[in-house]
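For reference, the structure is listed below as structure tokens.
No hydrogens, no waters, no symmetry mates; every other heavy atom, side chains included, goes into these values. Predicted model only: the values in this text are computed from it and were never measured.
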Amino acid sequence: MKKILSFTAALMAAVLLTACSTTESYEVIVIGGGVSGTTAGIRAARQGAKTLIVEQGPWLGGMLTAAGVSATDGNYRLRGGMWGELRDSLEAHYGGPEALKTGWVSNLLFEPHIGARIFRSMADNEELLTVAFETSATEITRTEEGWQVMLQGPHGKRCVAGSVLIDCTELGDVAAGQGVKYDMGMESRSVTGEDIAPEEANDIIQDLTMVMILKDYGRDMTIERPADYDSALFACACQNAICRTPKEANRLWSKQMMLTYGKLPNGKYMINWPIEGNDFYVNMIEMTEEERAEAVRKAKAHTLNFLYFIQHELGMKTLYLADDEFPTEDRMPLMPYHRESRRIEGEVRFQLSHITHPYDYTLYRTAIGVGDYPVDQHHTRYTGWEALPNLYFHSVPSYGVPMGVLFPKEVDGLIVAEKSISVSNLVNGSTRLQPVVMQLGEAAGIVAALAAQKGIEPREVAVRDVQREILNGGGYLLPFLDLPASDPHFKALQRIGVTGIIQGVGMTVGWENQSWFRAEETITVAELMEGLLPYLDQAEAHTYAENRELVTLTELTPLTKELSEEQWQALGLKEYDPQRPLTRLECAVVIDARLNPFDTPIDLNGNLNR
């Protein structure tokens with residue numbers, strides 16, 4: 001069977017090549033220039049890999065730009081990596097962080113076309129990166145050497161070859177086309193063990209949204225009444241005279257609250273309103289391109305009906321679609337905002353218990369990005385939504401995403417990012433958010449570049465090598481709030497965090513989901529040695545197991561060897577006193593420098609390979 005499959009692949013590759021006059025070669029090919037595709041391509045190029053991003057539209061940035069969702073959710077206090085770079089650029093453009101706090105749904109709002117301009121500038125700065133805009137991958141074939149991809153673009157057909165392929169499409173189309181197994185919709189709680197999952201599985205996905213960006217023209221801009229207009233669909237989008245039976249009575253706000261929810265700089269309004277607004281239910285995942293186009297047409301019509309409701313029923317007649325945002329004839333976004341897609345069966349499956357009880361498992365050791373948003377799912381436009389689990393802001397601690405979610409089982413040379421990673425339906429309700437997806441792309445780009453350069457499979461790239469590059473780029477591995485990424489001890493805290501030698505604590509504070517290393521607290525010898533046990537000779541470690549004294553430098557000396565005051569200060573530490581109880585951060589810095597436990601290899605499940 002393997003020989004037959006190999007022959008078939010070779011034959012398909014031969015057919016593909018005969019259709020092309022020349023073949024361009026790259027080390028990394030990224031299909032999809034959305035949020036993760038953009039960061040994957042840029043980061044792969046920064047790692048020294050010749051990289052191509054293939055994007056169907058004219059913009060980079062996906063849901064943050066082309067879909068118009070230019071209000072970011074989560075990770076506001078976890079500023080690092082390329083997520084931090086984006087924020088730096090936005091603040092520089094608009095005049096500081098306060099200039100981005102224009103709406104109440106987020107602390108970071110901007111005009112979509114500005115985001116697209118920033119992403120394009122970031123890509124243009126990378127000599128090893130090429131972006132093929134308005135181009136589709138029409139055929140993708142796996143060969144013994146890597147991948148052959150036929151592209152259809154503005155200048156006709158051409159072929160490209162690459163060592164590693166990254167699927168950053170909105171709905172996981174590349175993975176599906178390569179035979180990757182995947183899930184869609186909600187799993188049964190008996191499968192995942194998640195007690196808030198439904199009893200029986202279903203294929204229901206989240207509502208999508210065709211966003212609109214409005215601005216005030218100062219004159220009557222009321223559109224013609226749509227032929228299929230029904231005010232009842234939007235009657236309780238906000239407080240108004242025709243609202244009688246709201247679906248969510250506890251979320252019935254004023255029309256001004258609805259409008260300023262996504263207020264953008266320069267007086268524009270992003271309308272991505274989930275409360276009986278422009279959310280729209282359709283499952284496009286397994287549709288044909290023609291069927292998808294028709295679904296998008298219907299979603300646009302739904303949004304225009306909502307616009308008419310805002311103008312006609314709410315009296316906001318001077319508001320209309322902005323004429324200076326999207327390069328489209330209808331002034332609508334380039335694509336819908338997809339909240340959910342296929343979810344691959346990966347080498348690791350990230351589930352809710354891994355977030356709520358991270359130290360019951362070892363996956364946290366493999367973290368390559370962080371998230372702090374609740375589980376948030378949109379379902380109220382689905383007929384029968386009342387019977388679904390209530391997943392409106394289900395609180396969880398902040399978390400680190402394990403690296404193994406990027407790798408599909410049984411398909412080599414392929415990495416999957418965007419929203420199609422290997423997670424449960426519930427976890428997708430948090431990992432789908434923009435800052436998390438940006439980090440997933442960044443990690444995917446690092447993995448792809450290292451795999452191509454070493455001539456190995458992506459799943460064979462060492463976890464610690466990827467984490468080291470993330471830290472070198474100023475990114476987070478675990479979501480500890482104790483230190484910003486700019487702090488000189490940030491890397492040591494992160495490295496010791498993912499070894500598990502000193503463990504953090506997660507919590508929910510009001511609307512915030514947090515994790516803390518408890519950097520300034522002390523730690524007992526017994527607690528520290530319990531964490532160190534997997535990294536040391538067990539007989540040696542057990543001698544400390546019952547010691548409830550607080551750790552001092554003297555207590556650490558048998559393990560780390562004596563540190564002079566000069567050596568202590570060289571580590572950037574202060575108040576040298578071998579008898580003083582050390583803080584958890586001081587312990588982390590000393591252990592990181594003297595024992596290097598981070599260098600102990602681990603597998604994709606976080607098991608130590610000693």
Side-chain angles (χ1 to χ4, degrees), residues 167 169-173 175-176 178-208 279 281-287 338-358 360-364 366-367 369 371 373-397 399-411 416-433 436-437 440 513 604-606:
D167 179 358
T169 58
E170 293 295 318
L171 298 175
D173 291 336
Q178 296 304 311
V180 174
K181 295 178 181 178
Y182 60 86
D183 293 312
M184 178 178 63
M186 299 179 174
E187 304 97 343
S188 164
R189 71 181 62 167
S190 64
V191 171
T192 64
E194 297 167 326
D195 58 7
I196 59 171
E199 289 188 13
E200 296 184 6
N202 59 57
D203 62 357
I204 302 165
I205 68 168
Q206 290 195 62
D207 300 343
L208 58 75
D279 280 6
Y281 183 76
V282 61
N283 188 339
M284 294 171 56
I285 290 176
E286 293 184 329
M287 288 183 174
H338 296 283
R339 293 183 176 88
E340 193 168 331
S341 67
R342 298 174 173 93
R343 301 186 310 281
I344 64 165
E345 292 187 15
E347 294 292 333
V348 164
R349 184 181 179 84
F350 195 36
Q351 299 184 171
L352 202 60
S353 57
H354 299 135
I355 294 177
T356 57
H357 298 87
D360 290 352
Y361 310 90
T362 52
L363 285 180
Y364 70 89
T366 73
Y373 206 71
V375 174
D376 178 30
Q377 296 198 2
H378 291 225
H379 288 293
T380 58
R381 285 302 185 186
Y382 174 77
T383 301
W385 68 276
E386 302 93 335
L388 300 176
N390 181 6
L391 298 174
Y392 169 65
F393 287 104
H394 178 80
S395 291
V396 293
Y399 55 86
V401 183
M403 181 167 136
V405 302
L406 300 172
F407 309 124
K409 290 182 178 178
E410 302 173 359
V411 177
V416 178
E418 199 61 27
K419 304 177 192 75
S420 299
I421 59 172
S422 180
V423 296
S424 71
N425 169 267
L426 294 177
V427 169
N428 170 74
S430 179
T431 58
R432 68 177 177 83
L433 279 308
V436 181
V437 176
L440 291 170
N513 301 308
L604 287 175
N605 289 301

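- Lys181 pairs by the side-chain contact (heavy atoms from CB on, under 4.5 Å) definition with Glu345, Glu410, not counting sequence neighbours.
- Legend: residues meeting side chain to side chain donor-acceptor pair (under 3.5 Å) with Thr356, ordered by chain and number and at least two apart, are absent.
- For Tyr182, there are no ring-ring contact (aromatic ring centres under 6.0 Å, His included) partners, not counting sequence neighbours.
- The side chain to side chain donor-acceptor pair (under 3.5 Å) test applied to Ser395 returns no partner, not counting sequence neighbours.
- Every residue two or more places apart in sequence or in another chain that forms a side chain to side chain donor-acceptor pair (under 3.5 Å) with Arg432 is listed here: Tyr337, Asp376.
- Residues satisfying the ring-ring contact (aromatic ring centres under 6.0 Å, His included) criterion with Tyr373, sequence neighbours excluded, are Phe393.
- Applying the salt bridge (Lys or Arg N to Asp or Glu O under 4.0 Å) test to residues at least two apart or on different chains, none of the pairs has a partner in residues 191-205.
- Legend: residues meeting side chain to side chain donor-acceptor pair (under 3.5 Å) with Arg349, ordered by chain and number and at least two apart, are Asp183, Glu187, Gln351.
- In this structure, a donor-acceptor pair under 3.5 Å is present between the side chains of Tyr361 and Ser353.
- Under the side-chain contact (heavy atoms from CB on, under 4.5 Å) criterion, Asp279 pairs with Asp207, Thr209, Asn272, Pro274, Arg339, His378, Arg381, sequence neighbours left out.
- Applying the side-chain contact (heavy atoms from CB on, under 4.5 Å) rule to Asn390 yields the partners Tyr392; only residues at least two apart in sequence or on another chain are considered.
- Shown here are the salt bridge (charged side-chain N to carboxylate O under 4.0 Å, His left out) partners of Glu340, two or more places apart in sequence or in another chain: Arg343.
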